[in-house]
Amino acid sequence: MVEEQTARLGETDEAIRSRIDELLAGMTPAEKAGQLIQYFYFRLPGDVENPALGLDVDTQPLMVEAALGRGEAGSLLFVTNPAEINRLQRLAVEGNRFGIPVLFGFDVIHGLRTIFPVPIAMAASWDPETIERGQAVAARESRAVGIHWAFAPMVDIARDPRWGRIIEGAGEDPFLGAVVAVAQVRGFQGEKIGAPERIIAGPKHFAGYGNALGGRDYDEVNLSDYELWNVYFPPFRAAIEAGAGNIMTAYMDLNGIPATGNRWLFRDVLRDTFGFQGFVVSDANAVRNLVTHEFAADLTDAGARAIGVSMDMEMAIADPAYAHLPEAVDSGAASQEAVDASVRRVLEAKIKMGLFDEPYFDEDRAREVLGDPAHRDVARTAAERAAVLLRNEGDVLPLDAASLGSIAVLGPLADSKRDTLGPWCFDFDLDETVTVLEGLRSKVGDAVKIDYAPGIRPAQRRFPSMFDMFGGNAPEDPENFDDDAELQRAADLAREADVAIVVAGEWQNMIGEAASRSSLELPGRQLELLQAVVETGTPVVLLVMNGRPLDLRWAAERVPAILDIWYPGTSGGSAAANLLFGDVSPGGKLPFTWPRTVGQVPMVYSHTLSHEPENQERRYWDEESTPLFPFGHGLSYGSFSYSNLTVDRDAIGPDEAVSVSVEVANNGDREADEVVQLYIHQRYGLSSRPVRELKGFQRISLGAGKSRTLQFGLGRAELSYWNAAARDWVLDASTFEVWVGGDSTAELTTTFQVNAG
Ligand code: BGC
């Protein structure tokens, strides 16, 4: 089976082309349009009707099956049941005169059955290998159930944590974002599209979606070309260069033009500049929404304009605009060539995935792959590597099981399986999900007494989540819960224990898509719980479950140890226990600047000097102008120092490169990981450049008392930038400063010169 697949991959581009030519020659306009339509196929529990989504649970699946039967659907999404996938594929293949199979896509964001830490957490590992391995497991599980394509990675830069989808990306930085994007594409796709046990990667949402006004999801985005080229495009470009087979559009207006119908974005940038050859899919209903945006006159116009910018496939719930493509071609509003070019790209993906030869798959194998215990181990290691130790005053961590008699574990999130997984996953197995409480209990067994109390009831969203329609999404509000008595009980447990572990953060339905927030405070009475526990005088460890920075000003002064475990996934509780007891040292670093308060956002480390960041007088009169934790921050159980920072040449020409070297030592008494980060700054030139920009990093492990010398290269790729006056990439002759250290405030520095060519 694997050999056959590999042989098929050998099919030449020429052979693929002529196969497609033959198909195109025989297809009717409706069949061609059908190939360009992707339908949601929803089988939801209960009576869900959502007129805004055009969703009626009873009729929607029937409508999709009818389209399959007519050979007029090119792809489906949201089906994950293997038997259903084979059944629907049979309807498609048998319904189509040419036997054209459908592609099955899904939001495989951080795992399918085995749930990995959420994407922002994976980025916090600063470890491309861990990230690639995680998405390879996700791809393996997906392919085993019949899914061919992931709507991931989300590579949108996010600089406003009010935007809930910050959790789905790699944070604020384009350099880190590009590295993480490449690792994910490789993990999903492997060597090439169609590789065994791999699926197509679909980086999204092109482009600028993360800069939603006010952090409000779907709101308009206004970004200068300077920001687009230097900050928002680089992860997309990197993902495309890594071979991503698909790109998804974005919902919102970019500089006044809906992204999904934006000719400049898709023609000039994506196709002509980045050379993207794969197929583009719209975000859900985004072609229809060209009408809602008051951009297109009607659905026919919407379809014509989207196809005109080479937006190949429309994702729709019902009544797609692309069903009107035949009439748009007849009237001359859309060209036959544009339609054919899009059909060609979609068919090419299907051929490369081997679907024409083998549309069905072995359903029985799915169980075996999904149950593979090795996948849970990969997820546990990822959760360990993703955790960020924000504070550890007095070396409260790691805990020493031998000297502890009792632990109080507090907070509802400590024992919530659903919240341990985080948002944007649907096929998880709650039974095998390990909460923090369970992870601790199984780690210490009978040796240490562990008592648990939620202390408070789960907080609730003021307005419900659209994901509630899938059931089990919102936390349950317990009945007969005596708030004051429970808080008191938690404080009493803390008082009697040797250490108190409080788990606090946001419930998973409070972050993700359509989960923007106007505040960053700990929801509900969590701060009150934390304060009551700290008051007891027992040493406190705060574990944070989050996908965005939260307002931890109080905790950062009063709680000695704070470990950010994010939403750590299926094996998250085991990972947390290993971290707390020092079986592994935390080594992750923040992929975003952590503000003190929502009033400071957006806040990035790579601002220009015009911000006068040091000049408090010109900043907020009621709050510091510095963040609570800087970008790249993260402690460990080691103690790292940096020395001997050197550049091999004092001056170079524009096409030369320098090699930077630095010595890193672990002066602590435990082996630990450090992410060594290199930042640069250009002192003068044709533009004011950011005070610091990340241009290299390496995650290393060092034993106690060990040191290592690391090298980094800096050349044109790292030193040039897109200049708004030249409207092009430039490399200025200038003095460049270099810093290397453990976060974006690194102090060890040197310089070198770039001379004019
Ligand atoms: C999201 C996409 C997602 C799609 C399909 C949309 O609402 O913006 O990121 O892939 O739904 O689930």
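Both counts, for ligands and for their atoms, begin at 1 and track the order of listing.
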Can the ring centroids of Phe236 and Phe274 be said to lie less than 6.0 angstrom from one another? no

Whether Glu65 and Arg87 form a salt bridge (side-chain N of Lys/Arg under 4.0 Å from carboxylate O of Asp/Glu) is what I want to check. yes

Whether Glu348 and Arg344 form a salt bridge (side-chain N of Lys/Arg under 4.0 Å from carboxylate O of Asp/Glu) is what I want to check. no

Give every pair made of an N or O atom of ligand 1 and a protein N or O atom lying under 3.5 Å apart, one pair per line with both atom names and the distance to 0.1 Å, or write 'none'.
{"residue": "ligand 1", "atom": "7 (O)", "partner": "Tyr251", "partner atom": "OH", "Å": "2.6"}
{"residue": "ligand 1", "atom": "7 (O)", "partner": "Glu513", "partner atom": "OE1", "Å": "3.1"}
{"residue": "ligand 1", "atom": "7 (O)", "partner": "Glu513", "partner atom": "OE2", "Å": "2.7"}
{"residue": "ligand 1", "atom": "8 (O)", "partner": "Arg165", "partner atom": "NH1", "Å": "2.7"}
{"residue": "ligand 1", "atom": "8 (O)", "partner": "Asp283", "partner atom": "OD1", "Å": "3.3"}
{"residue": "ligand 1", "atom": "8 (O)", "partner": "Asp283", "partner atom": "OD2", "Å": "2.6"}
{"residue": "ligand 1", "atom": "9 (O)", "partner": "Arg165", "partner atom": "NH2", "Å": "2.8"}
{"residue": "ligand 1", "atom": "9 (O)", "partner": "Lys204", "partner atom": "NZ", "Å": "2.8"}
{"residue": "ligand 1", "atom": "9 (O)", "partner": "His205", "partner atom": "NE2", "Å": "2.7"}
{"residue": "ligand 1", "atom": "10 (O)", "partner": "Asp107", "partner atom": "OD1", "Å": "2.6"}
{"residue": "ligand 1", "atom": "10 (O)", "partner": "Lys204", "partner atom": "NZ", "Å": "3.0"}
{"residue": "ligand 1", "atom": "12 (O)", "partner": "Asp107", "partner atom": "OD2", "Å": "2.5"}

Could you measure the distance from the CZ atom of Phe279 to the CG atom of Asn246? Nearest 0.5 Å is fine. 4.0 Å

Enumerate donor-acceptor pairs with a distance under 3.5 Å from any side-chain N or O in residues 262-270 to protein atoms, sequence neighbours excluded.
{"residue": "Asn262", "atom": "OD1", "partner": "Trp264", "partner atom": "N", "Å": "3.3"}
{"residue": "Asn262", "atom": "OD1", "partner": "Leu265", "partner atom": "N", "Å": "3.1"}
{"residue": "Arg263", "atom": "NH2", "partner": "Gly308", "partner atom": "O", "Å": "3.3"}
{"residue": "Arg267", "atom": "NE", "partner": "Gly308", "partner atom": "O", "Å": "3.4"}
{"residue": "Arg267", "atom": "NH2", "partner": "Gly308", "partner atom": "O", "Å": "3.3"}

Does the cation-pi check pass for Arg198 over Phe188, that is, NZ or CZ under 6.0 Å from the six-membered ring centre and within 45° of its axis? no

